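Every chain is numbered from 1 and lettered A, B, ... according to where its sequence line falls, protein lines coming before strand lines. Bear in mind that the values here come from a model prediction, so they are computed numbers and not experimental data.
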Number of protein chains: 2
Amino acid sequence: MSNLVMTSDQILASARNFIVAGGYNGFSYADIAGEVGIRKASIHHHFPSKVDLVRTLVAHHRERTEVSMADLESKVPDPLALLRTYAGYWAKCIEDASMPFCVCALLASELPALPPEVAVEVRAYFRFLSSWLTKVMHRGAEQGVLKFVGSAELEAETFMATVHGAMLSARAYGNPAIFDAILTPTVQRLSAKVH
Amino acid sequence: MSNLVMTSDQILASARNFIVAGGYNGFSYADIAGEVGIRKASIHHHFPSKVDLVRTLVAHHRERTEVSMADLESKVPDPLALLRTYAGYWAKCIEDASMPFCVCALLASELPALPPEVAVEVRAYFRFLSSWLTKVMHRGAEQGVLKFVGSAELEAETFMATVHGAMLSARAYGNPAIFDAILTPTVQRLSAKVH
DNA sequence: GTTTGTATACCTACTAGAAGGTAGGTAAAG
DNA sequence: CTTTACCTACCTTCTAGTAGGTATACAAAC
């Protein structure tokens, strides 16, 4: 049983890496089998179809993100510090190449060609992230630690867009540092202090 | 000859639509053949390999973008209006679904899995767009029509990231309006007037 | 405490179809 | 009579997915 969980986790981790590199159609069961060290048919034992595999992967990713965010909120109460920590988390993932792109952002880019079951999960991730950021923006404005012109919703959407776009630029330039170069001033601009 | 050009243009247009929907591995020669109304082998007559086809497509896209931008600069001299027009162009493409995503942005997202010949062209597009936006930012600051804290380069990178991220959000939400909702205030924020 | 049943985790071997690509032919235009 | 634009027919490799087998573990039944 513990062996099962290990292998299925290895399959999910391998699939995540492949998707982050090349999207839904950028990998095959044979690729994963080669990396994990099992046979193609064994992957079908854990995940009957490719759709099952990727749907599970995205659902788990969203659930883990939800837990991480709740965790972060309790540890880092200040909304500005929260945004800094969030941006810093991605900066680290990109810089050490452990997760050079958000798996959901990549899948979202090919959303029209995605199996519907996967598309649903991807949209759910975006909705969660957007609502979480909106909450943070709202709280920051209330506490007077964040300052912006539009609504909290709009500011959250703009922030999320900048994060995803900065990931893309880091990849296009082959320069991880550009992510932090964009995000640090973007977070700073939201600060109510100095200016 | 004119018949040839027409067909090869149809092939490129079809390939562009497929890539915009699902990326490099999201379509096949059979898909294009079906859409254009010719046989698979005929595509190989115009483009010997898939790499040739996509490399040509991206190269043409960059060249046309370069011409369009030069054109735009002569018609719209004001840097702020230039940014507004650029954002408005994409807003229109997304809203009428004629080009709901930038083909180079999509390919950039799967850059690590792309054939090197294609990757080179995609990076060239990003470098061009970045340098063009930097030029616009620089000129805008000189003329006193644009105002920002960091360097023109950084502001250009941030703007480009926001554009690409806003495209992604529009796609993820299935809501074209979110692009304009993000971009209009983003451009406005760069204006030296009012605030 | 063997035996028997059942589930898990993997395997080899296979299938049908789709992938990119080739060989070689035809019809028309210059 | 050569080039262009297209075709049919084919090839090889890869694709997701299936069928059916084996080894192991952990039970309950005798």
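- Taking a cutoff of 4.0 Å between a charged side-chain nitrogen and a carboxylate oxygen, A:E110 and B:R171 do not qualify as a salt bridge.
- The CD1 atom of A:I94 sits 11.0 Å away from atom CD1 of A:I178, with the distance rounded to the nearest 0.5 Å.
- Residue pairs meeting the ring-ring contact (aromatic ring centres under 6.0 Å, His included) criterion with at least one member in residues 55-84 of chain B, sequence neighbours excluded, are B:H61-B:Y125.
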Any N/O pairs under 3.5 Å between the protein and nucleotides 26-30 of chain C? List them or say none.
none

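- Atom pair B:I43:CD1 and C:dG20:P shows a separation of 9 Å (rounding to whole Å applied).
- Within residues 16-41 of chain A, the residues having any heavy atom under 4.0 Å from DNA chain C are, by residue number, A:I38, A:R39, A:A41.
- With a 6.0 Å cutoff to the six-membered ring centre and a 45° limit on the axis angle, A:K92 does not count as a cation-pi contact of A:F179.
- Neither side chain, B:E66 nor B:W132, offers a donor N or O lying under 3.5 Å from an acceptor on the other.
- The shortest heavy-atom contact between A:Y173 and B:F126 is OH-O, 3.7 Å.
- Atom C1' of nucleotide D:dT18 and atom NE2 of A:H45 are separated by 15 Å, given to the nearest angstrom.
- With salt bridges taken as basic N to acidic carboxylate O contacts below 4.0 Å, none links A:E155 and A:K147.
- Distances shown here put a side-chain N or O of A:H46 below 4.0 Å from the OP1 or OP2 atom of C:dC10.
- Panel note: side chain B:S68, backbone B:R64; a donor-acceptor pair is recorded below 3.5 Å.
- Taking atom NE2 of B:H44 as the reference point, atom P of D:dC7 lies 13 Å away to the nearest angstrom.
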